[in-house]
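Notes follow once the structure below has been shown.
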Amino acid sequence: MPVPLGYYLGLAAIIFTVGVIGVLVRRNAIIILMSIELMLNGANLTLVAFSVHLQELSGQVFVFLVMTVAAAEAAVGLAIIVMIFRNRESVNVDNLNIMKW
Amino acid sequence: MVTAAFIIFGLAAIVSAIMVISFRNPMASAIALIVTLCSIAGLFAIMGATFVAALQVIVYAGAIMVLFLFVIMLLNLKRDEFGPEKRKIQRTLGIILGLLLVLEVGIFIQAGLGDFGPSPAGDKGSFTSITELSSLLFTKYLFAFEVTSLLLLVAIVGAVILAKKKL
């Protein structure tokens, strides 16, 4: 790798942090799901960077598994959002306080 | 050349990631997320992990984002339907905690940049072959692979049951 490993790790950490801020700040459930995808991508970038650095292919197999989990999570999450929108006419997570004490 | 590609793809990824969380319109956010995913695929490619880069474009930018766009269009969300933020404190706290995380990352980079040493296996250049990757996937990680297929089946059934009005 001509670019040092640390740069890839820093970039992945920045992307992960942007995802965290998105989850904390935004109130639109769909954008929160997109921020989760950003976080998963930051983790994937770290996995591939270490995989290439250590010349060990297991990291890339894990990226494959993470992508599958992300697909399953997106499908179920979006189905839940569709159901909530049908019941409450909104995807604002501030309106979803029915399970709050 | 590789460094220039790294800078271009990295900047594109960061800028479009920030655009994802700052647009009011969910559709614009989804388009920006596609740019982020493609930039990360480019980063995978310049690292030599070409198979993962192809998967990233096909699975993420292709399949998952189509699902997102489909749901956004299905719900017909108008831009900024929520009005002003009700909880200012939550927003400020979120941004402060996020900046704290950036600071921690900065300290980490300051301490560890280039400190990982040379690659222990030596630099063999591009080392990913689909043959090696798939033989690993179907021998050592066969169980995880099969469990993944089960997870996908559960996700399909769950999504259908959740989203269907009446079965």
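Model, not experiment: these values are computed from the prediction. Residue numbers begin at 1 in each chain, while the letters A, B, ... track the order of the sequences.
A distance of 9.0 Å separates CE in Met47(B) from OG in Ser51(A), rounded to the nearest 0.5 Å. Here the CZ atom belonging to Arg86(A) is positioned 7.5 Å from the CG atom belonging to Leu74(B), to the nearest 0.5 angstrom. To the nearest 0.5 angstrom, Leu45(A) atom CG is 5.5 Å from Phe44(B) atom CZ. One finds the CG atom of Leu97(B) at 9.5 Å from the CD1 atom of Ile21(A) (value rounded to the nearest 0.5 Å). Summarising the geometry, atom OG1 belonging to Thr148(B) is positioned 4.5 Å from atom CG belonging to Leu65(A); distances are rounded to the nearest 0.5 Å. Annotation: the span from Ile95(B) atom CD1 to Leu24(A) atom CG amounts to 10.0 Å, rounded to 0.5 Å.
With contacts defined as side-chain heavy-atom distances shorter than 4.5 Å, the pair Arg26(A)/Arg24(B) qualifies. You'll find the side chain of Lys140(B) stays beyond 4.5 Å of the side chain of Leu57(A), heavy atoms only. Side-chain contact between Met65(B) and Glu37(A): absent, with no pair of heavy atoms (C-beta onward) separated by less than 4.5 Å. Leu75(B) has its side chain within reach of Ile81(A): a pair of non-hydrogen atoms, C-beta onward, lies under 4.5 Å apart. Residues Asn41(A) and Tyr60(B) have side chains in contact (heavy-atom distance under 4.5 Å, counting atoms from C-beta outward).
Of the two parts of Phe23(B), only the backbone, made up of N, CA, C and O, holds a non-hydrogen atom closer than 4.5 Å to a non-hydrogen atom of chain A. Residue contact with chain A, scored on non-hydrogen atoms closer than 4.5 Å, is absent for Glu104(B). Residue contact with chain A, scored on non-hydrogen atoms closer than 4.5 Å, is absent for Leu93(B). Contacts of Leu33(B) with chain A are made by side-chain atoms alone, with heavy-atom separations under 4.5 Å and no backbone atom involved. Contacts between Ser134(B) and chain A at a heavy-atom distance below 4.5 Å are absent for every atom of the residue. At a 4.5 Å heavy-atom cutoff, the contact between Phe68(B) and chain A is made by backbone and side-chain atoms alike.
In terms of heavy atoms, Ala17(B) sits closest to Val18(A) at O-CG1, 3.5 Å. A pairwise comparison of heavy atoms in Val20(B) and Met34(A) identifies CG1-CB, 4.3 Å as the closest pair. Taking both residues in full, the closest heavy atoms of Ile21(B) and Ser35(A) are given as CG2-OG, 3.8 Å, listed atom of the first, atom of the second, then distance. A pairwise comparison of heavy atoms in Val3(A) and Thr3(B) identifies CG2-CA, 4.1 Å as the closest pair. The two residues Ala159(B) and Ala75(A) make their nearest non-hydrogen contact at CB-O, 4.0 Å. Ala70(A) and Ile64(B) make their closest contact through C-CD1, 4.2 Å (heavy atoms, listed as atom of the first residue, atom of the second, distance).
A continuous path of hydrophobic side-chain contacts links Leu67(B) to Met73(B) [ILVMFWY only; heavy atoms under 4.5 Å].
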Discussion item. With ring pair (Phe, Tyr, Trp, His ring centres under 6.0 Å) as the criterion, how do Phe64(A) and Phe51(B) come out once you've worked through the C-alpha distance, each side chain's angles and the decisive distance to 0.1 Å?
Written reply: CA-CA 10 Å; Phe64(A) 180 79; Phe51(B) 178 62; 7.1 Å; no
Practice prompt. Would you check, one step at a time, whether the test side chain to side chain contact (heavy atoms under 4.5 Å, CB included) holds for Val52(B) with Met67(A)?
Written response: CA-CA 10 Å; Val52(B) 178; Met67(A) 276 182 193; 4.3 Å; yes
Worksheet entry | Phe6(B) vs Leu11(A), side chain to side chain contact (heavy atoms under 4.5 Å, CB included): CA-CA, chis, key distance, verdict | CA-CA 10 Å; Phe6(B) 173 79; Leu11(A) 178 63; 4.2 Å; yes
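Applying the side chain to side chain contact (heavy atoms under 4.5 Å, CB included) test between Leu38(A) and each of Leu37(B), Ile40(B), Thr36(B) identifies Thr36(B) as the sole match.
Between chain A and the residues Ala13(B), Ser149(B), Ala30(B), the largest count of heavy-atom pairs under 4.5 Å involves Ala30(B). In terms of non-hydrogen atom pairs under 4.5 Å with chain A, the most contact-rich of Ile156(B), Val147(B), Leu43(B) is Leu43(B).
Around atom CZ of Phe85(A), more than 12 heavy atoms belonging to other residues, nucleotides or ligands sit under 6.0 Å away.
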